[in-house]
Amino acid sequence: MLRSTALAVALLAFAASPSFAASGSFKGAKGHTTTGSVTVTEQGGKLVIKLGSNFSLDGAPDPYVSLGNGSRPVKGGTAGVLRRNKGSGTYSVRATKITKAAREVVIWCRKYSVPLGVARLK
């Protein structure tokens, strides 16, 4: 009984651990100042984007957090409206073939269709 319980606990821990993990640091784009760290992990069929406590955006209308390539969001990669310009935040998108292939986190201005900051993921 003890052995099967230990095995079950080990399997649950393995299943709950992220199968994808990447991180990066923001650089500003299109004249905006964007700094700070970001991590992306896969958990429960979603890609979870975590902005670091050191995240900062100088401000812009209509900013969104997205997974992207080429400084543009990928299809299905928009995680939501940036809730605040400074500090940590957590956002998520469905883990699909397209979103898992994204190599950047992009702070995207939807109003003007321009990147405000880009973090290349490693």
Side-chain angles (χ1 to χ4, degrees):
M1 178 75 163
L2 183 59
R3 187 174 180 191
S4 63
T5 302
L7 179 60
V9 169
L11 287 173
L12 282 173
F14 178 76
S17 67
S19 59
F20 172 88
S23 62
S25 296
F26 282 100
K27 293 186 180 184
K30 298 294 181 184
H32 285 274
T33 302
T34 310
T35 59
S37 61
V38 63
T39 60
V40 180
T41 56
E42 184 176 359
Q43 298 173 2
K46 294 191 177 280
L47 294 178
V48 179
I49 303 163
K50 290 186 179 184
L51 303 179
S53 60
N54 61 349
F55 174 80
S56 178
L57 169 66
D58 61 356
D62 209 19
Y64 280 75
V65 177
S66 301
L67 291 173
N69 287 321
S71 300
R72 299 186 62 81
V74 297
K75 183 177 180 179
T78 299
V81 174
L82 179 67
R83 292 185 286 275
R84 56 185 181 200
N85 290 347
K86 292 191 185 303
S88 61
T90 302
Y91 305 83
S92 66
V93 298
R94 280 189 36 221
T96 67
K97 192 174 192 177
I98 294 171
T99 58
K100 288 171 83 171
R103 293 293 159 238
E104 300 168 336
V105 173
V106 180
I107 305 301
W108 182 255
C109 176
R110 187 178 275 181
K111 182 175 182 176
Y112 294 109
S113 296
V114 296
L116 304 170
V118 178
R120 299 224 182 264
L121 298 171
K122 299 175 191 165

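The backbone N or O of Thr35 sits nowhere less than 3.5 Å from a side-chain atom of Asn54 that would complete a donor-acceptor pair. No donor-acceptor pair under 3.5 Å is formed between the side chain of Thr33 and the backbone N or O of Asp58.
Between the OG atom in Ser88 and the CZ atom in Arg83 there is a gap of 9.5 Å [rounded to 0.5 Å]. Put simply, OG1 on Thr34 and CZ on Phe55 are 6.0 Å apart, with the number rounded to the nearest 0.5 Å. Atom OG1 of Thr90 and atom CG of Leu51 lie 7.5 Å apart (nearest 0.5 Å). Here Leu82 contributes atom CG and Cys109 contributes atom SG; the two are 11.5 Å apart, rounded to the nearest 0.5 Å. To the nearest 0.5 Å, atoms NZ (Lys50) and OG (Ser23) are separated by 13.0 Å.
In terms of heavy-atom proximity, Ala79 sits nearest to Ile49 at CB-CD1, 4.0 Å. Taking each heavy atom of Asp62 and Lys111 in turn, the nearest pair found is OD2-N, 3.0 Å. The nearest pair of heavy atoms linking Gly76 to Thr99 is O-CG2, 3.5 Å. Considering all non-hydrogen atoms of both residues, Lys75 and Ile98 come closest at O-CG2, 3.5 Å. The heavy-atom pair separating Ala60 from His32 by the smallest distance is CB-CE1, 3.8 Å.
Contact check for Ser37 versus Phe26: no side-chain heavy atoms found under the 4.5 Å cut-off.
Of the N and O atoms on the side chains of Ser56 and Lys86, at least one donor lies less than 3.5 Å from an acceptor on the other residue.
Within 6.0 Å of the CZ atom in Arg94, the count of heavy atoms belonging to other residues, nucleotides or ligands does not exceed 12.
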Side chains of residues 63-73: which donor-acceptor partners sit under 3.5 Å, not counting sequence neighbours?
unit_1	atom_1	unit_2	atom_2	d
Tyr64	OH	Arg110	NH1	3.2
Ser66	OG	Thr78	OG1	3.4
Asn69	OD1	Arg103	N	2.8

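Residues Leu116 and Val105 fall within the same hydrophobic cluster, defined by Ile, Leu, Val, Met, Phe, Trp and Tyr side chains chained together at heavy-atom separations under 4.5 Å. In terms of hydrophobic clustering, with Ile, Leu, Val, Met, Phe, Trp and Tyr side chains grouped at heavy-atom distances under 4.5 Å, Val106 and Leu121 are assigned to different clusters. Neither Val118 nor Leu47 shares a network with the other; the hydrophobic side chains, linked directly or stepwise wherever heavy atoms of I, L, V, M, F, W or Y lie under 4.5 Å apart, form separate groups for each.
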